[in-house]
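A, B, ... follow the sequence lines: proteins, then strands. Residue 1 opens every chain.
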Number of protein chains: 2
Amino acid sequence: MARTDLKPISKRPGYQAYGRLDQMLQIAAELFSDRGYHGTTVRDIAGKAGILSGSLYAHIRSKEDLLYEIVRRAADQFISSLEALRTRPNPPSERLRLALRAHVEVVAEHPERARVFLHEWTALRGKRRAEVRRLRDRYEALWGEILGDVVPTPDAKYARLLVLSAANWTYTWYRPDGPLSPEEVADRFTDLLLDGLGTKEGSG
Amino acid sequence: MARTDLKPISKRPGYQAYGRLDQMLQIAAELFSDRGYHGTTVRDIAGKAGILSGSLYAHIRSKEDLLYEIVRRAADQFISSLEALRTRPNPPSERLRLALRAHVEVVAEHPERARVFLHEWTALRGKRRAEVRRLRDRYEALWGEILGDVVPTPDAKYARLLVLSAANWTYTWYRPDGPLSPEEVADRFTDLLLDGLGTKEGSG
DNA sequence: CCTACCGATCGGTAGG
DNA sequence: CCTACCGATCGGTAGG
């Protein structure tokens, strides 16, 4: 399970180091999110980085390297933010609230990475695509754990789908510069999910 | 507001007529859904239709014509299926149930068109993109009407986001050949949304 | 709908 | 990271 195919010029620790490679990954994530993987050219990416397209290949081996690395790191963020909650001894409904907060916060922090993780990953092929699918399955399994403690078993499947839908769709509408904080969004969703929205019945 | 830029060779009534153009739209929808608009070539489309790429242009003026026409027709389906419910005098929660059924049924009938409508539309540019955005806004406004009758005003905004998330995310996981009927999915979601999923509390 | 193409652009490389 | 490319493929067209 090769961790990455990026050129081993230097062993950079993480996304936040802001070396040249990290900068290129950030630029690529924005463009892939905006125009899609196939709608983005290596010249677009190089141009935004202030270099010529050929020079990109001093840092990467292929365009797909960039997509893979963005997706893999985003998956790590989503997964580890949920795993961090497992150790805390909270009641199930509180764990649901914290999990939704964690998810929306990851989306809010880097919407472009979230979008690439949740959609553009389909442009990956072969082994890398299969690996990303496993990461996605793992993330969904973590949600299954959380929901299994909240909802009776026969409903847990639909509950998981419902919660994941709400969580995953956020990247299509949430704007970090908008009026809603990630926490506010997550808490409203949690309240509506736990209590239900049927509070006006009989009036129609 | 030009309705279409397709060549006016013949005035075909609708999608179900299965003339040559409709067949090409169906093929294009499947490929766009599968590989994305930019990931699909006109040679892919022509190949699946059993002709050469140049021959496509006897039916269309550009590749974008195909995308636009698929998206426009899909939008019509989603919108009219919700508008059809407005005339019926149902209680609000029942209208929510019927609306979710209608949405999931449209997704289930043609998942590839739903996917193109809900995602690949972003590949459209200029006027066509703006027009599709208006169609999407209109669809969301119809949901706003429905939710406004179910939920108290301050929560209606989040309720609409929650329901639309559940509805719109279905195309990513729903499989027509799977064990779940559209109605079953919609009804489970409706029950969970109306009643809430917090039924195990205190056990964790 | 085919034959036969076109200019533009694509991802990527060699050699500095 | 640049100069200078490469072969392949792209969306699309002219003329039948």
Side-chain angles (χ1 to χ4, degrees), chain A residues 4-10 12 18-32 34-71 116 120 122-126 128-129, chain B residues 4-10 12 18-32 34-71 116 120 122-126 128-129:
Chain A
T4 169
D5 282 352
L6 296 170
K7 292 196 176 176
I9 290 174
S10 66
R12 300 175 193 282
Y18 283 113
R20 203 76 174 106
L21 174 62
D22 300 310
Q23 187 193 343
M24 286 167 184
L25 287 170
Q26 181 57 32
I27 288 169
E30 286 162 10
L31 288 167
F32 292 165
D34 213 48
R35 315 176 189 179
Y37 175 74
H38 291 296
T40 303
T41 72
V42 293
R43 283 166 179 80
D44 292 334
I45 298 164
K48 260 193 135 180
I51 58 178
L52 293 180
S53 65
S55 307
L56 262 184
Y57 292 85
H59 303 274
I60 60 171
R61 288 196 187 129
S62 71
K63 182 188 173 190
E64 203 195 35
D65 275 10
L66 289 168
L67 176 60
Y68 174 69
E69 194 64 14
I70 293 161
V71 168
V116 173
E120 292 302 317
T122 54
L124 291 169
R125 296 292 147 187
R128 292 171 157 192
R129 188 189 174 108
Chain B
T4 169
D5 282 352
L6 296 170
K7 292 197 176 174
I9 290 174
S10 66
R12 301 179 193 279
Y18 283 113
R20 203 75 174 106
L21 175 61
D22 299 310
Q23 188 194 342
M24 285 168 184
L25 287 170
Q26 181 56 31
I27 288 169
E30 287 163 8
L31 287 167
F32 292 165
D34 214 48
R35 314 176 189 180
Y37 175 74
H38 291 296
T40 303
T41 72
V42 294
R43 283 165 179 81
D44 293 334
I45 298 165
K48 260 193 136 181
I51 60 180
L52 293 180
S53 65
S55 308
L56 262 184
Y57 291 86
H59 302 273
I60 60 172
R61 287 193 188 134
S62 72
K63 182 188 172 188
E64 204 195 35
D65 275 10
L66 289 169
L67 177 60
Y68 174 68
E69 192 65 14
I70 292 161
V71 168
V116 174
E120 292 303 316
T122 54
L124 291 169
R125 295 293 147 187
R128 290 171 159 191
R129 190 191 174 107

In whole Å, I'd like the distance from the [atom1] atom of [X] to the [atom2] atom of [N].
| X | N | atom1 | atom2 | result |
| --- | --- | --- | --- | --- |
| A/L52 | C/dT9 | CG | C1' | 16 Å |
| A/I60 | C/dG12 | CD1 | P | 7 Å |
| B/M24 | D/dG11 | CE | C1' | 16 Å |
| A/R35 | C/dC10 | CZ | C1' | 15 Å |
| B/L56 | C/dC1 | CG | P | 9 Å |
| B/L31 | D/dG11 | CG | P | 12 Å |
| A/H59 | C/dG12 | NE2 | P | 15 Å |

Shortest non-hydrogen contact between B/L25 and B/I70, atoms and distance:
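Nearest heavy atoms, B/L25 then B/I70: O-CD1, 3.6 Å.
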
Per [X] side chain, nearest of listed nucleotides [options]:
| X | options | result |
| --- | --- | --- |
| A/K63 | D/dG11, C/dC1, C/dG12 | C/dG12 |
| B/T41 | C/dC2, D/dG11, C/dC1 | D/dG11 |
| B/S55 | D/dC2, C/dC1, D/dG12 | C/dC1 |
| B/V42 | C/dC10, D/dG11, C/dC1 | D/dG11 |

Would the distance check show the side chain of B/R129 and the main-chain N or O of B/T122 forming a donor-acceptor pair, the cut-off being under 3.5 Å?
yes

Within the distance-only criterion (no hydrogens, no angle test), does the side chain of A/Y37 pair as donor or acceptor with the backbone N or O of B/H38 below 3.5 angstrom?
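Not a single qualifying donor-acceptor pair exists.
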
Does B/E64 reach the side chain of B/L124, with side-chain heavy atoms less than 4.5 Å apart?
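They are in side-chain contact.
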
Base paired to D/dC10 (Watson-Crick or G-U; both N/O distances under 3.5 angstrom):
C/dG7

When both hydrogen-bonding distances must be under 3.5 Å and the geometry is Watson-Crick or G-U wobble, what is C/dC2 paired with, if anything?
D/dG15

Of B/T40, B/D44, B/T41, which meets side chain to side chain donor-acceptor pair (under 3.5 Å) against B/R35?
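Of all the options given, the one that passes is B/D44.
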
At 4.0 Å (heavy atoms only), tell me whether A/I51 reaches a base, stays on the sugar-phosphate, or touches nothing.
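Since only primed, P, OP1 and OP2 atoms lie under 4.0 Å of A/I51, the category is sugar-phosphate.
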
[X] side-chain N/O to [N] phosphate OP1/OP2 under 4.0 Å:
| X | N | result |
| --- | --- | --- |
| B/R61 | D/dG11 | no |
| A/H38 | C/dC10 | no |
| B/Y57 | D/dT13 | no |

Both A/R43 and A/G50 contact DNA chain D. Taking the nearest nucleotide for each, which residue is further toward the 5' end?
A/G50

